Each structure stands twice: as structure tokens, then as C-alpha cells.
Amino acid sequence: MTTERVTAPQTKPPLWRNETFLKWSAQIGVFVGIVALFWVLGTQAATNLDAQGREFSFRFLSDPAPQISEGIFTLPENGLESFATGIVNMLRVTFSGIIAASFLGVIVGVSRLSSNWLLSKSATVFVEIIRNIPLLVLIIFFALLCSLFFPELSNEASGPVWLIFTRNGVSLPWLFPTDTFWQWGAFLALGVVAAVLMFRRRDRLREQTGQNTHAPRYAMGAFLVVAAVGWFAHPIAGALGWIWQLLESIVSTVPVLAWQLLFAAVAVFLAVRWIRGFLDSLRSPAGLAKLTDDDYFRIGLAGVIGVGAALVFLFIPAITETIADVTAFVFGFFDQKFEFLRTGSPMRFARPEIIKPANFASIGPQGMTMTPAFFGLWVGVTLFTAANIGEIVRGGVLAVPKGQTEAGLAMGLRRSQLLRLIVLPQALRIILPPIGNQYLNLAKNTSLGIAVAFPEVVATMTTLANQSGQYLPVLLMWMGFYLTVSLLLSSLVNYYNRKLKLVER
Amino acid sequence: MTSNGKKEPIIVCDGVKKWFGDFQALRGVSTEVGEGEVVVIIGPSGSGKSTWIRCINRLEVHQEGRIIVDGIELSSDVRNIEKIRSEVGMVFQQFNLFPHLTVLQNVTLAQTWVRKRTKAEAEKKALDLLERVGIREQAAKFPGQLSGGQQQRVALARSLAMDPRIMLFDEPTSALDPEMIKEVLDSMKELARSGMTMMVVTHEMGFAREVADRVVFFDQGQIIEEGTPEHFFTDPQHDRTKLFLSQIL
Amino acid sequence: MVETRVSQHLVPPEPPPEASQPGALVWLRKNLFYSRGSTILTVLVGAVILLFLRGAVGFLLDQGRQWEVIPRNSANYSIGSYPRENIARTWVSLGVVAFIAGLATAAWRPIGRVSPGQISAAVRSAGIAALVLAVLAPSTFGGRTEFLIAGAVLFVIGQAALMALGDRAIDAFLPTLVVLGAGLVAFLVVLWILPISSSTQIPWTIVIAAAVVAFGVGRALIQPLGAPTVKRSVVALALFALPVLYLHVQRAPEIPWDRVVDWSAWIIPIVVIGYAAVIFVSGAEREAAAIVNGLLVVASIVVWFVSAPMAARFLLLMLTAVSLATPTFGSGEKGRRTVIAVWTGVVLVLMYLFAIGVGTPTLETNNNYFAGINLTFMLAIVPMLLAFPLGILMALGRTSTMPLFRLMSTGYIEVIRGVPLITVLFFFRFGVLNFLPPGLQPDAILLAIIGITLFAAAYLAENIRGGLQSIPKGQYEAAKAMGMTTAQMTMLITLPQALRAVIPAIVGQIITLFKDTSLVSIIGLAEFLRVANNIVPGQPDSLGTKLENLVFAAVVYWVFTFTFSRASLRLERRLGVGVR
């Protein structure tokens, strides 16, 4: 059999020829280089601002903010309300746009597949026109059309009406939250918890008995019951105000140093936990596998990052201070919204009216008012997204294997039945992920509203940035906001995606 | 004892172990391969035989034990890895020709960039080798336009163009249609006769009987039995080997 | 028992049965009125379309519309406020572009054919449509007579062509090149006959002549040089022409010799060290080369932290790049000559670009050298070219096995893709100035280019990642098994395949980018949309013409984008049937 002879003694290669070492030193080198770049830019910025006698701050959020043309706070008291107005306006366009674009998009997609020549050609022309013109041009064009075609506002005051439709704006009756809305909101949150619990219980029952237990209906019912009770019982929830107050006082009285120590400890703890998890993942039934050089580098890096973060927390108190300030501010905000036994209906119904304070009439603060800019933006993003969704739907339907259609025809289904029962459900699985992407794009595209002076997040915050000169904090807020929206929307799409896939099996 | 004691060992494996997560693919493989020897490795699928020869040019990284090829130890030393790879040619089950290059470019590419030959030298060498495997007239075509057998012969020429001292074959005929297998095996036989050191993972028992100096039976990540083809096919010792041979012959 | 049967003779293939040409009525029956439902649908859709067209035409061609502002402002649309006495410079630029386009047409012979029958039928249909609209349009319609005349002329031309073609209308084809040439000639004839724009007659003729001459030159060069060489030269020429046209021809800078002399204290040593380094590295052992390269990397970082001219910093950066690539691509005797040539070229090009880049423009204007559609194209082309290397790096990082590279690339890509372009543009227009030293204050166009580049790179990286992931593992293994280094494997095997696989996606990205350039109008750059939306309607003699200008802008964007996307479809099909 084989000899056990080995011709040369085993040696470790020198460091500069060790593959693992070279790879890690390149990575760490680039990483340090990028950190250094940001550090240089940061110090330069600090120098520049010092020279101008300014500093980075979020103070513009509490400073007075200018008037806004439409939204929940048209006369915001501070920057934060301005930000909130922008967010709500953006969400209004996004949600109404998503609904309209979905309907229109499916119609366009199915029309393109129609065997009626005229219909399919018109849908094709629609898609080709809309997709090949920049969205910004569409938005500006439709905003212009709205301001040209909407009727003029008559120069006379009028009492509450059901609809105002003029060049100055479109106003609808609406339910508005009042002072006690947040107290009721606590009950709504409770309702969601109750609904989830109820759903799980009914679902477990279904698994046990095998019968349909109508879990979604029961969950909805639980939510409605809690919400209905809350409508009347919300003054009790005002007691939460004491808790918020307590939290606020804790955050603001505990010295910053304590928070610094806590955060540093958390950073180290997280690093230790990651390293332990990593080691556990390498543990096999036969015991701990041999650690490679690569593994040592990973563990070392995690340790360095953890300790580094801890040191940053310890030696730069400004970061911890900002976090503590923001937390205290949030708790204080909630504290204002809750007051034990504060009564009043959580929502208020209002109808629009035209007022005439002086020589010129205008739409009053009652009612939900949208400017022509809203419609320009809304029509623009809706048509643009609908054209894209139409293409996705068409592609999805075409991607369903031909054998499925043939099998359906062989069963004697009619064309419409075939589409509804066989093709569309299967196409749905193909088209859902790209449509989710389109929704995300729509949300981001609402930022173009700034071109037609529609006050969404970018427009309102640009005003604040120009006023205060604080572009970096504003950019950070934009990034935070849009990344949150992206994350929420994509996790929603992923959830449905998973659900559809489970059904398939 | 190797099958031919006079030959200097060119590949030495000593206690080679390798894990994929929890699964141990190699459980201590020790053997030597002499210069000019043709070793055929057989065994059931999933037995780790491909993993083993892929360790020899470090397409897989072994975790314990030692592999020494032509006196060079395989470790994380970048210089040794490249040196060994340019000495060891390899032919894959799926050919792995570069689809964006012509047949001629496939054979000349590594010669010019790794061996630093001039374009003229490389092309002359490439055309000679293509002639040797019998497809010189296809030199200007793209791999996608060739049959599987032709592609595999291009892959053989591509490896030989680097003047390797060792050739590894990882199931070279498994992806071929039956009528193509012969043309590839013929090229391999011709190569074996020319004195190349070869390690061949294959299911072609006829090839093993005719060409191999030594047959290695591999199962569950270890060498179960090895010996000359006559000995191996006529008088297997281990029960596992007997069972395997009874199932395939 | 099964009887053995042997075929006595092989059946030769037969031509398919001749398909009969369906008549118009059969076609209508089959496509529009095949069931009661479809008849109702056809009538409904037809009515809606007719009403919509009637309204749209009536609205757009209302007597009150002032469409004459568009031709009156054609110069504004193309070059904005570029000084008119120097307009020859833009014509020269256009001529150079036409010349390169002519060379490119000769190098990549456009394949495909055009059916004259289809063109004639389309012309006839357009005539019918114009006639129908002229009859149906509402009373406010201002151009009824013109529409009637134009419709009749088009109809007659189309019908006459169809009748002249006769039976050949279906299966006669013209090469694309002939149609292209005929189009250019027709354009010139129209320009000289109709009184549209007399001042541009001569320049346009010269531009088109340049394209034709270049086509001839290209055809003549292909024989002696070979098509691949010509193609490579055309690409190199185009890449070099781009900065020359934008920075030198259109800006007419005064080259600041005194500053160039100031730089030389840094530049000359770097150039000399560069020659020494690349010659040494190309012949050195691996370890020695690595040490030299390591020193260069350190030096090229350190030079950013000491007070050195920007030209020196970039030159050292380029030297490091060249030297790092040398062990992989430039070793050996032949490699040494290549790297020496490359380094010489890098020095000359970079120094020239810096000299003209920092030179003060001599033109008398309010600093807006780039505006109108000129700027739009600049903002689409330049960031795309700059984003390419960055996007490839990010894609390689994201598919890398090295965790830190993966983390950094993924973070960058996801953050950029999560935010809208306009926020990035805003930050680069106003916020970035806070982070730069007081002496370094780039102008708005450069900042916009950097912003768009960083944005486009993230999307490009995702496209390229798709290509990299589609490459089978065997390709990597085969390359490694032959002893290639990772750099060689990437540059020679995986990247070329990945890029080829994602060409359609990248073309789609370019089209999106072209449309997205309209966003810079929001941050105040005078690109095409801003000219249409703000500048032209803001002129005293063109007040209240926003609608006309917007419609015109939409049509122009549509024509370009639609042409690009059709061309990319053709390219996709060509790639699909090609090599793979």
C-alpha cells in the first residue's frame, strides 16, 4: 500500500505570500481608506462651518417653518410639523397612485393581450408614449393642464358643501383627528394585538378540527370591537401620559455618561454575541471544527468593530447626547398627546366651504383640500407606473406555459374563464415582485412633486434646508425616510410573495 | 508500494481531510502518484473522488493533511498555488470552454497571459495541439457551434497547451453522448501512451482496464482499495469493492 | 407479430402550401368583429379614440396656439445661452460627432433591411389619418387647410409608391444604409428648398458631408487595417473627442501656462518615477513588484493629505493603477513596451485635460457654456461613462467572497437605490460645498455630473451583478485551473461574458438615464426641459407659451428615447442569434 513518506517538512508561507492575509489586508485597507475619506470630509466640513460660525444641527426642526400650500399643517409651527406635512402629502399621492396605477396597469396589460386589434394597438400606443417621455415632463404637463382646465373659483363665500372643484384646489368632506385621537390610537394598537391573537387562535382551531374557522373575519371582528370600545373608553388611555412623562424624565435626568457607558456596553455585548454565534455555527457534532485563518480574521474584525463603536460612544459624547435628546423629545411629544380623562370624540367630520375674509374668496380650512399640483403629480406617476405595470402584467401572462392554456381549452373553458381561473392566478406569482418594485419607484417618484410646487417630503425639507443651510441633516432625514418606506413596502411584497409560494405547495 | 517502485512520486497526499459544513467529504486520503503513472479513480457518486482531485490543484481547499505536487506544498501561499496550477492541467465534466472566445482563442489565451508566450508561438502550439486531437479545421468556430465530443477535445488541447506535467480528468466523458465518448477516450489513450502523469475519475471500466497503471477504488471519502487493473478487476479483496464491481459489470 | 418494414426511398422535402393573401374584409372580420362582444368593444374603443384625438388636435392646434415660438427658439433649445458669435464652435463639435458617427457606421455595418412597401403604406396611413382629423376636428381647429393639403399629399405619395412597387411591395427590401443615406439627402433638400432656417443651411451641409466623407474613409481603412482595429480606433477616438469637444472646443479656455509650470515641480518627478516603476515592475519578481506597488499605493493616498496640485494627485493615482495592472497584463519584453506606451499616453492625456480643464474660458458669457440639448446629452453620456468603472467595481465587490468588500458594496448600492435621484442632486448641488476646502468649489454642472454618476453606478452595478451571477461556476474553475490570477480571470473570462449578457439591461439603463437628466432642471441647470419649461416661456415675446414648449419637449424626448429603445431591441435580437 501507500508509503507515508512526505518529501519536505511543512512550513507556513511568509505573511506577504499568505492568501488569507493578503485578502484581509486588502479589505481592511480599503475600508480604512473609505473611513479616512469620510473623516477628512467631516473635519473639512467642521472647519468650514466654524469659519462661518455655524454647526450641524437639527434645530430647524423646532424653529418656525414657512407656510405650506396644502396638507395637515398648512401653517406649521415648526420644522417637524412641516416634515410631517410633507410625509402625509407624499403618502397620499403614493397610496392613491398605487391603487389607481394597479387598476389601470392591469387593464392596459390585459388590453395589450386582447385579440381585438384596435384595443391591443391602443394599449400599445399608450404604453409606448408614456414610457418614452420623462416622468418629469409628464408631471409638469399634467399640472399645467389641471391649472388650465379646472374651473375658476367664484369670488363668493359659501357654506359647507360636499365638493369644491376649482383651479385653487379640490376640497372634499373628510374625517379629521382631534386632540384625543392619539388616546384612541392606543386602543387601535391594542386592537391590532387582539386581532393577531384571535387570528392565531382560530387558525390553531382550524388545524385541530380541519374546519374553516373564518380566522380573518374573527380577527377583523376583534379589532373592530376593541376600536369601538376605545371610541368611548379612550379617556382612560390618557393614563399612558404619566408613563410617557416618567420615561421622559428618566431619559433627561440620567446623566449622559451613564447612557454612554450603556451604549458602549451594548456595542461590546453585540460583538461578543456575534462571535459566540459564529463559533456555534462552526461547531459540529464532532466538536469545534478547526478554525481557519479566515475565521480568525472575521472574529478579530467583529471584536475591533465592537470595541471601536464602544470607544466612539465613550469619547464623543455628542452622539449620545443627540440620541438622548431625540428620545426625550419623542417621549415629550407623546406626553402632550395623552391626558388622563381628557374627553371628546377622537375624529371630527368636516365639510369644505369657501370663505371670503377680505376682497378675495378662498377655500376654507375645513375639508380635505388638494391643489392642482397634487393632480398633476398624481396623474403623472399613475400613468407612468400604469404603463410599466401593464408591461409587467403582459410579460407575466405570456410567461405562463402554453401547456396551461391548452389544458384549460381542453377542459372546455371559455377564453375569459381561462384568463380568470387559470392564467392570471399563475401570472400573479411571476408579476408580483416586479410590481412591488414599481410601487417602490412610484413612492420615490413622488419626489418630483417639487417641480410643480407640490409640498411633499423633498419640497418641504428643501425649503427648510435652504433657510437653515443644514443640507447634511436634511439629506440624512430624506435617507431615513425613503429607506424606511422602501423597507416597509418591500417587506410587505415579500410577505405576500411567501404566502403565494406556500399556497403553491 | 506504488505499482511501479522505480518512479519518483510527483504527487504526495498525506492524511488529506476536508469538510463541507458538518459533512466530511475526505476522511484522510494518503497515497503517492509516480511520474508518468496513470491512476484511474472509480467509486460510487458522492464518494468524494472528484473533491479529492479538485484538492490537488486547489479548486477545493483541504483543511487537514498535506498535498505536495512536484515538490511544492499546497498551502495558502499564493505563489505556490499559481505555480502548481500552471503545472497541473484539468479537464472537466462540463468542458467549461469559454463561450465568448473562438476555439483558437480558448487554446491561446492562457498561454499568452500565464505562460507569457508571444501570440505567434501560442497560435502555432494551439494549432499543433488541435491537429493532435483531430479538430484543427474547427479553430475559427465558437464552442457553441461544436459537438460535445469536439468541445471536450478542445478542452484537452487547451490544458495541454500549458505544457502541464500532470493532467487531472474529472469524469471527462460523463456529459457526452455515447457515440462521442470514443473520440475523447482515444485522445486520452494517446496522451497516456506519451508518458503523461494522469489522474482520471471515470466510470469507463474499459478505459481503466486498458490504460491504467493503477486503479483506486474510492468510497466514503477514503481509498478502499488500490492495485493494478488485472488484480483489481479479477481479484478484488475488499467486500465493498466486490459489491461495487458486481453492480456495474 | 410485428412485421419489419423498411422504407424503400427517402421522401424529399416539399415547399409549404402557398398562403392566400387575406382581403381587407376578412382581416376586419378576424381582428375587429369576430364576436358580438368584440364588435361592441371595437365600436366603443374606436369612439373614445376618435373623440380623444379630435379633442387633442383641436386643443393643440387651436387658433390661439403660438407654435412659431419653437422654430424661433431653435438655437435656445439646442445650445441655450451659448454666445452666438462663437456658434461656429458648436457646429465644429457637431461636425466632429458626425465624422465619428460616419466612421462608426463604416466599422459596424448596420445590418437589417427596410421594406419600401411598409414605408409607403405607413405614409399612406399617415395621410389618411391627417385627412380624417382635418374633417373631424372641432371648429377652433386652426390648421384645417394645411392638414387637408398635407394629408392629401401624403396619401398620394404613399399610394403612388405602392402602385409603382406593385407586386414587389411585399418582398422587396432596401439595405438600412441606403435608407439612411436617402433620409440625409431628403433632409438637406428640404432644408435648402423650404424657408425654415436659412442660417443653418451651410453648416448642416458641411456636417452631413463630414459624416459621408468619414464613412468613405472608414470603408477604405477596413481593408488594410482589419475591422477590429478600426472599431477599437473609433471607440478610442470617440472617448478622446468627448473631453476635447466639451472642455476645449466649446469652452475655448486660455491655457494657464504659469500654473502648468508651477505643477512641474510635482509632475516631472512623478513622470520619471513612473517610468522607473513600470519598467522595474514589468520585469521584477512578484514580491519585489508587490513592494513597489505597495509603496505607490501609500504615496497616492498620502499625496491627498499634503498640499499638492490636483494634477499631481490624479497623476499619481493613475500611475498606481497602471503599475498595479502591470504584473498581470504587462510583464515580459512585449509587456514592458506596452506599459511604457500606456504610461506615456496617460501622462499626455491627463496633463492636457488638466491644462484645458483649469483654464479660464475666454468666451464672454454668464458661464453657461453648456445648455439646451447639448447639456442634456452631456449629462447622459459623461456620467454613464464615469459610472461604468465604478459600477463594475461595485458589482465585483458585491459578488466577491470577501465579506468586507461585499458589505461596503451592498451598503452603497442599497442606500443609493433606496433614495430618489432628486435628493442626491440636491445634496450635490448645495450640500457638498460644505465638505470641500474653500479653494475647491466645482461648478454646478460638474457637481450634477458627479451626483448622477454616483447614482447611476449603483443601478449599473445591479445590472452587472446579474450578469456575473449568470456565469456558470465552471468558467471560474477552468480559468483558475489554467493558472490565471484573479485579475486575469475577471478581465479576460468573467467580465466580458457578464457584460455581454447584460447589454440589453445596460441600454435600458442608459435610456432611463437620458430621461432622468430632465431632473437637473429642478436644481437650476439650463438643460433641455428647463429651456422649454422656464427659459423660453419666460421671454417677453413668448409669454404664455408653456404648453406649446412642453409638448415640443415631450415630442423631442419621445423621439430620442423611442429610437434608442427600438435600436436596443434590434441589438438584443442580434446578440440573441449571434455567438452564444
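Quantities reported herein were computed from a predicted structural model and do not represent experimental measurements. Note on naming: letters A, B, ... go to the chains in the order of the sequence lines (proteins, then strands), and numbering restarts at 1 for each one.
Within a 6.0 Å radius of CD in Glu137(B), other residues, nucleotides and ligands contribute more than 12 heavy atoms. The number of heavy atoms from other shown groups lying within 6.0 Å of CE (Met491(C)) does not exceed 12. Within a 6.0 Å radius of NZ in Lys124(B), other residues, nucleotides and ligands contribute 12 heavy atoms or fewer. Atom NZ of Lys119(B) is surrounded by 12 or fewer heavy atoms from other residues, nucleotides or ligands within 6.0 Å.
Under a 3.5 Å cut-off, the side chain of Gln488(C) and the backbone N or O of Trp113(B) do form a donor-acceptor pair.
Here the side chains of Thr485(C) and Val114(B) are not in contact, with every heavy-atom distance at 4.5 Å or above. Side-chain contact between Met482(C) and Ser86(B): absent, with no pair of heavy atoms (C-beta onward) separated by less than 4.5 Å.
Here Arg85(B) is the residue among Lys83(B), Arg85(B), Gln93(B) with the most heavy-atom pairs under 4.5 Å with chain C.
Taking NE2 from His100(B) and CG from Leu492(C), the interatomic distance works out to 7.5 Å, rounded to the nearest 0.5 Å. Separating the CE atom in Met162(B) from the CE atom in Met484(C) is a distance of 7.5 Å, to the nearest 0.5 Å.
Nearest approach of Glu82(B) to Gly483(C), heavy atoms of both residues: CG-O, 4.3 Å. Nearest heavy-atom pair, Lys480(C) versus Leu59(B), reported as atom, atom and distance to 0.1 Å: CB-CD2, 4.0 Å. Contact detail for Gln475(C) and Leu97(B): the closest heavy-atom pair is NE2-O, 2.7 Å. Annotation for Phe92(B) and Ala478(C): closest pair CE1-CA, 3.6 Å, computed over non-hydrogen atoms.
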*side-chain contact (heavy atoms from CB on, under 4.5 Å) between Arg54(B) and Glu477(C): does it pass, once the steps are laid out?*
CA-CA 10 Å; Arg54(B) 285 155 62 84; Glu477(C) 289 179 348; 2.6 Å; yes
